[in-house]
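Side chains included, hydrogens not; waters and symmetry mates left out as well; all remaining heavy atoms used.
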Amino acid sequence: MVRGKQTRVLLLNDMERLECTLFRLEQGFELQFHLGPTLQGKSVHVHTNYPAPGKKFVSSSFRQLEWVNPSGREDDSDKYCKLDLEIAGSYQYYFGCGHEERTGGGFIVVDPVLRIGHERKILPLDCITVQTYLAKCLGPLDEWLDRLRVAKETGYNMIHFTPLQKLGASRSCYSIADQLELNPDFSPPGKNITWMDVGNLTEKIKKEWNMLCITDVVYNHTAANSKWIRHHPECGYNLVNSPYLKPAWLLDRALWHFSCAIADGKYSDSGLPPFIENDKCITVRLLWTEVFSQLKLWEFLQVNVEKAVEQFRKVLQAGECNRPASNGPKSIQECCDWFKKSLEELNVECYKEMHSHHEKAINCIVGTFFYERLVAHGPQLGPVTRTNPLVTRYFTFPFEDMAMEQENQLIQNPNDACHLLAHNGWVMGDDPLKNFAEPGSNVYLRRELVCWGDSVKLRYGVNPEDCPYLWAHMKKYTEITAKHFSGVHAQISTLFLICIPNLYVTAELFTGSEQLDNLFVNRLGITSLVREAMSAGDSHEEGRLVYHFGGEPVGSFVQPNLRPLVPSIAHAMFLDVTHDNKCPIQVRSVFDALPSTAIVSMACCASGSTRGYDELVPHQISVVKEERLYPKWNPDALPSSVGEVNLQTGIMSGKLALNKLHQELAEKGFTQVYVDQLDADTVAVTRHCPSTHQSVVTVSRTAFKNPKTHQYREHLDPMYIPGKIEEVILEARTVERNAESYVKDERFINGMPNYMVEIREHIQLEDSEIIKQGDATTKGRSEFVEEIVFEKLTPGSVIAFRVSLDPNSQKKVGYLRTQLSQFNRLYKSASLTDSNVPGILKIFNSVLSLRPVVLCGSLMSKLTLAELNVLLFRCDAEEQEDGGGCYNIPSWMPLKYGGLQGFVSVLSEFRPKNDLGHSFCDNLRQGDWMIDYVSSRLMNKGGALREVGKWFSAVFTYLKHIPRYLVPCYFDAIIVGAYATAVDAVFNQMSSFVQNGSTLVKQLALGSVQMCGVGRVPTLPPLSPELEDVPVRLNSVTKQEEQCCVSLAAGLPHFSTGIFRCWGRDTFIALRGLMLLTGRYLEARNIILAFAGTMRHGLIPNLLGQGVAARYNCRDAVWWWLQCIQDYCNIVPNGTDILMCPAVNIFVHELYQVHDQPLYVVIQEAMQCHMQGIEFRERNAGPQIDHNMRDEGFNVEAKVNPETGFVYGGNRFNCGTWMDKMGESDTAHNRGVPATPRDGSAVEVVGLSKSAVRWLMTMNENGNFPYSSVTIHRDGTEQSVSYKEWNQRIQENFERFFYVSEDASDPNEQHPDLVHKKCIYKDSYGASSPWCDYQLRPNFTIAMVVAPELFTVQRAWKALEIVEKKLLGPLGMKTLDPDDLVYCGVYDNALDNDNYNCAKGFNYHQGPEWLWPVGYFLRAKLYFAKKMGQEKYNESVYLVKNVLSRLYTHLIMFGGEETQTNIYFMMLYYIQVNLYT
């Protein structure tokens, strides 16, 4: 399988600590750390203990990573630092901001690469099949190969040994007497075996048998009789270094003496004989009176009241503390009495505390006794003796027996007390991260420990300095083990991070929490966690474990090579059984061994078993008591031979076949898993290869209950397997044979000889004895299935099929993969060449480059951006205008776009999770409706889009003929590949700024295609035929050529079609970002000239209305238009040429003498009209054009104040700027009242007009504009006002009349009583309601950007700080100061009540955040920050990045959907692009 460079992206977010999150990666991966929204703009430093190239790993040594900025711009959206992961292990990372060292962090775990054989062939983790051996049962080392050959001959590739070290007195495999000394039992007579001999054997097994060897490492405890612990008692928890254990030790000794007394029969008369037959014999009363009450352990917590009071009295008398009010004897006595009372109360509480510990201890003692001696499933220890006392001792006692009184003296002598060491064990339900022997724990006192009386708990402390000998000793132990073994099974310690390159580390945890499991995996560098099939209570749970522990669902989506790093579950080593639990034959039945191991073998993870399972040993092989030897391998051995085994023994032949199958599935990439519960006892597991689409299906009929005593179903329902069954890989069942019944041998660990496996391998379906072939049927045209009828699938049986796609489907998939290989090399595997491939799909080689030329890409390269708008986007309203609509999934919802983005947005939601149960996937599996929609929608278009539609149709022809369960993943591959190709085609037609920009810039630039398109009816008026490169099309009705210029939708979906699509103000607010910065100069030119042709009264329309319903009711649109012309001239190469371009006036017969006139003439007309004064009544005024507006509102006025140069106009009944909400509620009595009339001189209009006047003045001076002034007629005379003079008037008067000074006596302040925010700029000047002038709104930031020369730097900066504090929100700008009395931030246009300020959305611009003004605020902030100095500029850059990161996150999450809360949603982003210029 072809696999490219794998890159994972980990997003860092402030205060995110992911210590309990597992991130697994493979060697060779690249890990990139990217900044999340909360960190962008901050000075972030990332540190890791992953070693630098050429350096060794030191867990405590961290290095700082360097940032890479691919775009080279001030943009944190793509900035990253990276690690090239080449070394296995667990590594920590953390990050901080500025001077903060750590504000977040986590771990990454890099899997080891295991190698076997002389050729060092890689053994994938999922290939592992391990068999566990008790090392002590292998005998002398020179006999090991004969015994270990059993694992080799039954198909295992890994052997797990219990510890090979010298064992303690208990002979438990995990009680090690000396961690550095080899078990002397391994040395044959006359020979001393060394670790080197063991290493030679493991190396031989690795190279010659292609098997790896791992062994246990035990860090938590050592054998109680370890010699070194006698010399170094500080390595354990003793009564010197852990004096808090003294009460527990006293209790432990008292219980020992009590137990001895019971054993000696001293309590027989009290009803407690040595042999206890029921739980009534041991009474709580006896324990309390004979043990607990005698010890008086509560005194350890209490104080001697009398002694303490006397000390207190002496302190008072000596004046060594604050005296009472009177220092006389009476007063001192009163204080002492109060002190005594307080101490007595404390002592009572201490008694209660200890009493609760005693109660718990008694309950635990009784419970332990009941389990160990009375219950049937317990060890049934028999009578109480000194060997088997009443309860296990919690502490060592390396002294001769003595009386309790003498023992008490031991703890007074440190030389003796240091040898009184705490045993190890485990605590049910305890916090696994908590050390139960440390201070604060009462486990030993409360007798909650399930104690291992043969071991001593080791005390490491926090670092090597706390216990130098122990750390050094265990380091040597680890080094010896790692030198001779390929892996270790760790008996967990929270201190040791095992970090040896490519060392395989396993562990078994009992935390009961996946998060805690992850924490241990992260901290200790664990590769695989042991999981056990015996934890399943039925076959359903066993199947669930298979599904949970590895693999993806069958038919999963192909994930991109570059993708987010997502949390994982720990890799599993799934075992049939471990030595911790009873043998399955005891718990289930002998017949279940084979089917259950078959289910385990089908898991997509490491699998394995313990030695003895395959031989059908009918009892638990005890790690403590078992001393017999494992049988050797002998292919000729008879079933009756107890010391030898072969493939005729137990289920060994079945295990060999299953192990080989398990390894084959992992090696060949069968990574997808499906588990099907056929009935209560029968589980079918499918492993599927996503490249070849071959499957292996096993059907296992479990036998959790003995078929001899339990009635199983006689007949099973038929099974339908999709595809063609190539062969029966194996069929096997457990049967009884004529042999002696099982007798436990004294020398060898023997199994049941009277059971074996009948197995047949690699046979044809018709030769099967278990099933017969039913009818092969076809569901639809692509769902080929074979019916399987179970005839003899008896309990204990297994059958496995190899399944391929039927020949026709196989060809179609191969042809489809050939087409997909143009998008992803991964699809080259299993691809086929179609000799009859349609011409539209042919992929040919370029003679020059010898590289494949992708036809899909070449087709899309011919599309214009307007056509790419159709291919990628178009909301439902746009689609309906063409007679269609967005695709609707009946059981879910309609898609947001008709184009590819509608599909990609949904797919991107559930692809990472492989949510194949999503309604989207169901729709694809059920029929071809969605598939046909994609292709037919495009084929109904003309030109190049139709060709793209043909390409989709041809590719989908293959898709329709593959099995339906594969349709979602291949549909995704087609759509995503085509989408990526289309997006590339978009960027190739855009400016270098976009092409070389960051991901954020490119995402924003896509909005240009999203918002700009051509509808069924041309939205813009016609352009002059003298213009070049005006796009045309053939009218489908008239068959005549017509212009089809791109127009901007004011919003999606509500302002996207018909007369409401195109709005003058909205268009020119957004045009700079949507068109000019993206390089769409021709389309920008056409829009500017089209609106020039609509000039009337010196204004351009607010609502264009396709030229037939235009409304000239806004004062600001013409100034936004002029600003865009200025931007066009400055940005576009030779941009001033546009001034000479002809504009066709659509009112030529009504108002004008000429048809075409140059743009500069139209510009001059707008300027002259304003200076002359505009005053008119809207055409057709009345409810027919606006049913809410009052009559006075239809009167339009726009003039220039000759004294100040400010543009002003409007009245209190209309709203001529972008804050144009008109009241609509009769209930609240606000109908016909503008919420924000902003009459007078609106601040942004003054700024825009200043920008236009200054520009025209400069253009005239440079010879690019023929007019130096405007000429007006006033009072019967002709007057001329130069642009220079007009510019100067605005400049001189702006701050005088707009700035709200800190000085209350400022002579320019006409209404000081209305000031409620100082150091800001007014929102307007000269409003009919003067208080409106003083409202804090974001509009003056627009003026700061277009005419920064109007503002004094210090004043501007102070005003911007107030705006940031009061108006900047999470995503947008509040439209009104929250301190304002009429502020209301929640907008609901549907709400109609009696609230005047909110009803029917009256507060549209009275608080709710709007997005597009953020761009102007940030641009203003950056501009003036540069004037304020480097420190302020750096702070502002951080602010900009932080704000944009929030928007970027929103864009990534919702960019594919129409999530606007106002019509400027998308325009926001394209204004933001200005920040990067």
Side-chain angles (χ1 to χ4, degrees), residues 1-3 26 111 114 121-130 155-157 528 542-559 568-569 571-574 597-608 655-676 683-700 719 721-730 761-762 786 798-806 809-810 813-814 817 826-831 914 916 962-963 965-966 968-970 973:
M1 183 184 295
V2 179
R3 190 182 189 192
E26 297 179 30
D111 288 337
L114 307 180
K121 175 186 172 185
I122 291 177
L123 176 66
L125 297 183
D126 291 342
C127 264
I128 291 172
T129 50
V130 63
Y156 292 95
N157 54 29
S528 303
E542 208 161 54
R544 190 196 69 81
L545 294 177
V546 170
Y547 184 80
H548 181 68
F549 290 143
E552 303 169 325
V554 172
S556 289
F557 299 101
V558 174
Q559 305 294 341
S568 311
I569 64 167
H571 183 258
M573 176 182 275
F574 192 26
T597 201
I599 292 172
V600 169
S601 296
M602 288 298 286
C604 189
C605 60
S607 71
K655 181 54 77 72
L656 171 62
L658 291 168
N659 280 342
K660 289 194 302 187
L661 180 60
H662 177 85
Q663 293 165 40
E664 175 195 341
L665 295 176
E667 286 175 351
K668 295 184 177 179
F670 285 70
T671 57
Q672 298 181 349
V673 180
Y674 174 67
V675 180
D676 188 12
V683 179
V685 182
T686 300
R687 290 280 296 275
H688 182 81
C689 176
S691 58
T692 64
H693 294 302
Q694 284 192 331
S695 298
V696 169
V697 182
T698 63
V699 182
S700 305
M719 181 181 181
I721 296 180
K724 184 179 186 305
I725 298 176
E726 300 286 349
E727 66 165 343
V728 174
I729 301 172
L730 66 91
E761 298 182 70
H762 305 294
E786 291 205 47
V798 174
I799 188 166
F801 309 99
R802 191 179 307 280
V803 183
S804 300
L805 300 179
D806 66 277
S809 296
Q810 207 161 1
V813 168
R817 292 180 73 88
L826 175 74
Y827 292 102
K828 277 198 170 294
S829 70
S831 61
N914 269 322
L916 295 170
I962 69 174
Y965 70 90
L966 294 176
C969 68
Y970 278 105

Parallel, tilted or perpendicular for Phe549 and Phe574, by the 30°/60° rule?
perpendicular

Can you tell which of Gln663, His662, Lys655 makes a side chain to side chain donor-acceptor pair (under 3.5 Å) with Thr129?
Gln663

The reported gap from SG in Cys605 to NE2 in His548 (rounded to nearest 0.5 angstrom) is 10.5 Å

So how far is it from Phe670 CZ to Thr692 OG1, rounded to the nearest 0.5 Å?
5.0 Å

Glu761: salt bridge (charged side-chain N to carboxylate O under 4.0 Å, His left out) partners, not counting sequence neighbours
none

Would you give the length of the straight line joining atom CZ of Arg687 to atom CD of Gln672, rounded to the nearest 0.5 angstrom?
10.5 Å

Answer whether the closest heavy-atom distance between the side chains of Ile128 and Leu114 falls below 4.5 Å.
yes

Quick one: does Met602's side chain get under 4.5 Å of Leu661's, heavy atoms only?
yes

Rounded to the nearest 0.5 Å, what's the gap from NZ on Lys660 to CG on Asn157? Could you check?
13.5 Å

Closest non-hydrogen atom pair between Val673 and Gly550, with its separation:
CG2-O, 3.8 Å

List the atom of Asp126, the atom of His571, and the distance in Å for their closest heavy-atom pair.
OD1-NE2, 2.8 Å

Taking the side chain as every heavy atom from C-beta outward, state whether Val558 and Pro690 have any atom pair closer than 4.5 Å.
no

Give the ring-plane orientation class for Tyr827 versus Tyr970, where under 30° counts as parallel, over 60° as perpendicular and anything between as tilted.
tilted

Please determine whether side-chain contact (heavy atoms from CB on, under 4.5 Å) holds for the pair Tyr547 and Val685, giving the CA-CA distance in whole Å, both sets of side-chain angles, and the decisive distance to 0.1 Å.
CA-CA 9 Å; Tyr547 184 80; Val685 182; over 6 Å; no

Which heavy atom of Ala603 sits nearest to which heavy atom of Val546, and what is that distance?
CA-CG1, 3.8 Å

Taking the side chain as every heavy atom from C-beta outward, state whether Val130 and Tyr156 have any pair of such atoms under 4.5 Å apart.
no

Can you find a pair of side-chain heavy atoms, one from Val697 and one from Met719, that are under 4.5 Å apart?
yes

Contact check, side chains of Ser691 and Ser829, non-hydrogen atoms, under 4.5 Å:
yes

So which heavy atom on Leu125 is nearest to which on Ala606, and how close?
O-CB, 3.6 Å

Checking Glu726 now: which residues fulfil salt bridge (charged side-chain N to carboxylate O under 4.0 Å, His left out) with it, not counting sequence neighbours?
none

pair Thr698-Ile729: side-chain heavy atoms closer than 4.5 Å
no

Straight-line distance of Phe801 CZ to Leu730 CG, nearest 0.5 Å
10.0 Å

So how far is it from Ser556 OG to Leu966 CG, rounded to the nearest 0.5 Å?
10.5 Å

Considering non-hydrogen atoms only, spot the tightest contact between Ala598 and Leu658 and give its length.
CA-CD1, 3.7 Å

If you look at every heavy atom in Phe557 and Leu916, which pair is closest and at what distance?
CE1-CD2, 3.6 Å

For residues 543-555, which residue pairs qualify under salt bridge (Lys or Arg N to Asp or Glu O under 4.0 Å), counting only residues two or more places apart or in two chains?
Glu541-Arg544

May I ask you to test the Leu805-Ile962 pair for a side-chain heavy-atom distance under 4.5 Å?
no

